[in-house]
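Here's the structure we're looking at; comments come further down.
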Amino acid sequence: MPLRPDGRLTHELDPQDHGPQDACGVFGIFGPGEEVSRLTYFGLFALQHRGQESAGIAVSNRKRIMVFKDMGLVSQVFDEPALNTLQGDIAVGHTRYSTTGASVWGNAQPTLAATQEGSLALCHNGNLTNTDELEALLAERIGERNVPHKKRMDSSSDTMILSALLSSYHDRSLEEAAVEVLPRLRGAFCLTFMDEQTLYAARDPQAIRPLAIGRLASGAWVVASETAALDIVGASFERDVEPGELVIIDEQGLRSRRFAEPNPKHCLFEYVYLARPDTLINGRRIHNVRVKIGKLLAKEFPVDADLVIPTPESGTPAAIGFAAGSGIPYGQGLVRNAYVGRTFIQPSNAMRQMGIRMKLNPLPDVVRDKRIVVVDDTIVRGNTQRQVVAMLRAAGAKEVHVRISAPPVEWPCFYGIDFATRDELIAPGMTIEQIAEAIGADSLGHISLDGLIKATHVDKSNLCRACFDGKYPVGKQDLDLDALTQTGATTKEC
Ligand SMILES: O=P(O)(O)OC[C@H]1O[C@H](OP(=O)(O)OP(=O)(O)O)[C@H](O)[C@@H]1O
Ligand SMILES: NC(=O)CC[C@H](N)C(=O)O
Ligand code: SF4
Ligand SMILES: [Mg+2]
């Protein structure tokens, strides 16, 4: 099993072999009089499913900013003494899973940089597609040798370049630097950042990833990747950060500046898998959307069967919907070990089999002699379903029909989800029948793209669905798609 550089176990069985992982989680709070770092810690706990490689909190006491971050889960990084040292009025926090730049301490967030007036601490969810262009601009401004990854080998993320760029404007405030830099970024970015006095939040014009604003009863402002994190800290949901909006929060309250024209292309995959079911995106509860997808799936791909079971965790709401839509009873046929993380299962041969077996175990008394419909949210490489089907058969299931609440994943994502390269996905070049055979299912059905979109209640033109249809809404000019679909080529390193 792989070890972290400090010798502790990673959450991955094989770090070279990624399944679908999650986008990072960002959090921010402007709360004089509140225990801001503790609230940020709770917020990050609620966002742990979006990134499990490193976690960090930056706090300002209005005189200076202190950052505490490390590799690992929120619970591994922070303890009581650490939180007690992080006193102040403003905080930002991050849970990372890497998309550009290696998974090392130097790339953990919040990043910290010196500005003309003080410091900048920054957290980023998303992925920038024009890092080459931004790096060239940065080299022009601060000199080639000072570009983060040239100065320090382990500072190689897109976020480090952004942080260096924002702090390179010595003739203007951080707010004015942001207004200058943000329109130059392409790709996906939801940001929380701060200097000693002010909390900022920004969202790309496509608003690919979610970012919500909430408020505590005391009047403190909170910003988080998902509304579930607002719930957990006791904040009420106020509104989403708008596409192309920069939000500035200080002693005077909240102000808003538009840095680009909105052109919404919200990530469809957030609805399918990424976001928590208790989160609201575009006014819809993710759980309800997933149940609806399951109902539509039952209509699109009906089957004669005795029992519908979910593939926990993310497949559960769609399975509830499939049962409701089909009239087939719903039951629990697989038990999930709650202590195995979401991205723990990183499929690769023997390790993969061990990982899936560690996470999921069938209930033979429930599935024996039955025709089972097993519902999951996605098939990426097909490893989970291959294992699940085999497990259910070994436990005595008579038939196993697989139903998936997303269309086949055909293309990589460049906006903050670390999908496998195209060569590693199971779907490209395979018919549904061939995939069913590969995973050993009696039948296989994926929801149609139109059915999935219908369940979100968002207009198709306002959604990114590139991993399903290959139509990339932003930054396509920056990507060498042919090169990126070759075996071994990834977007990981700048
Ligand atoms: O086809 P594959 O390559 O196996 O990938 C697809 C599986 O990975 C995800 O589960 P994951 O274990 O990451 O998270 P979950 O517990 O939230 O379902 C997803 O929900 C599918 O079950
Ligand atoms: N998944 C993410 O949102 C990653 C953020 C950023 N691109 C990084 O690699 O650190
Ligand atoms: S490519 Fe897929 S995962 Fe990536 S932003 Fe678009 S819909 Fe989301
Ligand atoms: Mg799953």
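Since this is a predicted model, take the numbers as computed values, not measurements. Note that ligands are numbered from 1 as they come in the structure, with each ligand's atoms numbered from 1 the same way.
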Next on the checklist: Under the criterion side chain to side chain donor-acceptor pair (under 3.5 Å), I'd like the reasoning laid out for Asn282 against Tyr271: C-alpha separation, chi angles, the key distance, then a yes or no.
Outcome noted: CA-CA 10 Å; Asn282 295 314; Tyr271 289 95; 2.9 Å; yes
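When the heavy atoms of Leu274, Thr384, Asp376 are ranked by distance to atom 22 (O) of ligand 1, first place goes to Asp376. For the residues Gly187, Gly126, Cys267, the heavy atom positioned nearest atom 8 (Fe) of ligand 3 is part of Cys267. Considering only non-hydrogen atoms, atom 4 (Fe) of ligand 3 lies nearest to Cys413 out of Ala188, Ala406, Cys413. Evaluated by nearest non-hydrogen atom to atom 2 (P) of ligand 1, the leading choice among Arg381, Gln387, Gln385, Lys359 is Arg381.
Among the atoms of Thr311, none of the N or O lies under 3.5 angstrom from an N or O of ligand 1. Of the N or O atoms in Gly315, none lie within a sub-3.5 Å distance of an N or O in ligand 1. Considering backbone and side-chain N/O of Val380, one or more are found under 3.5 Å from N/O of ligand 1.
The existence of a salt bridge linking Arg422 and Glu410 is confirmed by a sub-4.0 Å separation between a basic side-chain nitrogen and an acidic carboxylate oxygen. Salt-bridge annotation for Glu133 and Arg186: present, with a side-chain N of the basic residue lying under 4.0 Å from a carboxylate O of the acidic one. Comment: Arg336 engages Glu313 in a salt bridge, judged by a side-chain N to carboxylate O separation of less than 4.0 angstrom.
For ligand 3, the atoms lying closer than 4.0 Å to a non-hydrogen atom of Leu268 are 7 (S). Distances below 4.0 Å separate heavy atoms of Ile417 from the following atoms of ligand 3: 3 (S). In the vicinity of Ile379, heavy-atom distances shorter than 4.0 Å reach the ligand 1 atoms 1 (O). Close contacts of ligand 1 with Thr378, meaning ligand atoms under 4.0 Å from a residue heavy atom, involve 6 (C), 19 (C), 21 (C). Annotation for ligand 1: atoms under 4.0 Å from non-hydrogen atoms of Glu313 are 15 (P), 16 (O), 17 (O), 18 (O). Within ligand 3, the atoms closer than 4.0 Å to a non-hydrogen atom of Tyr415 are 5 (S), numbered from 1 in the order shown. Interface of Ile208 with ligand 3, defined as ligand atoms under 4.0 Å from a residue heavy atom, comprises 5 (S).
Taking CG of Leu137 as the reference point, atom CG of Leu165 lies at 5.0 Å (rounded to 0.5 Å). Within the model, atoms CG of Leu274 and SG of Cys267 stand 5.5 Å from one another, a figure rounded to the nearest 0.5 Å. Of the inter-residue distances, the one linking Leu128 atom CG with His124 atom NE2 reads 4.5 Å to the nearest 0.5 angstrom. Distance OG1/Thr316 to CD/Gln332: 8.5 Å, rounded to 0.5 Å.
In this structure, Arg209 counts as a contact residue of ligand 3, since one of its heavy atoms falls inside 4.0 Å of the ligand. Ligand 1 has at least one atom lying under 4.0 Å from a heavy atom of Arg336.
Neither the backbone nor the side chain of Leu463 comes within contact range of ligand 3; no heavy atom lies under 4.0 Å. With a heavy-atom cut-off of 4.0 Å, Lys471 does not touch ligand 3 at all.
Looking at Cys464 and His266, their side chains never come closer than 4.5 Å, going by heavy atoms from C-beta outward. Side-chain contact between Ile309 and Val373 is absent, with no heavy atoms from C-beta onward closer than 4.5 Å.
In this pair, Phe193 and Tyr200 present their aromatic rings parallel. The plane angle is below 30°, not in the 30 to 60° band.
Residues Asn288 and Arg284 bring no donor and acceptor atom of their side chains to less than 3.5 Å of each other.
Cys464 lies close to atom 6 (Fe) of ligand 3, since one of its N, O or S atoms is found at a distance under 2.8 Å. Here Cys467 does not reach atom 8 (Fe) of ligand 3: none of its N/O/S atoms is less than 2.8 Å from the metal.
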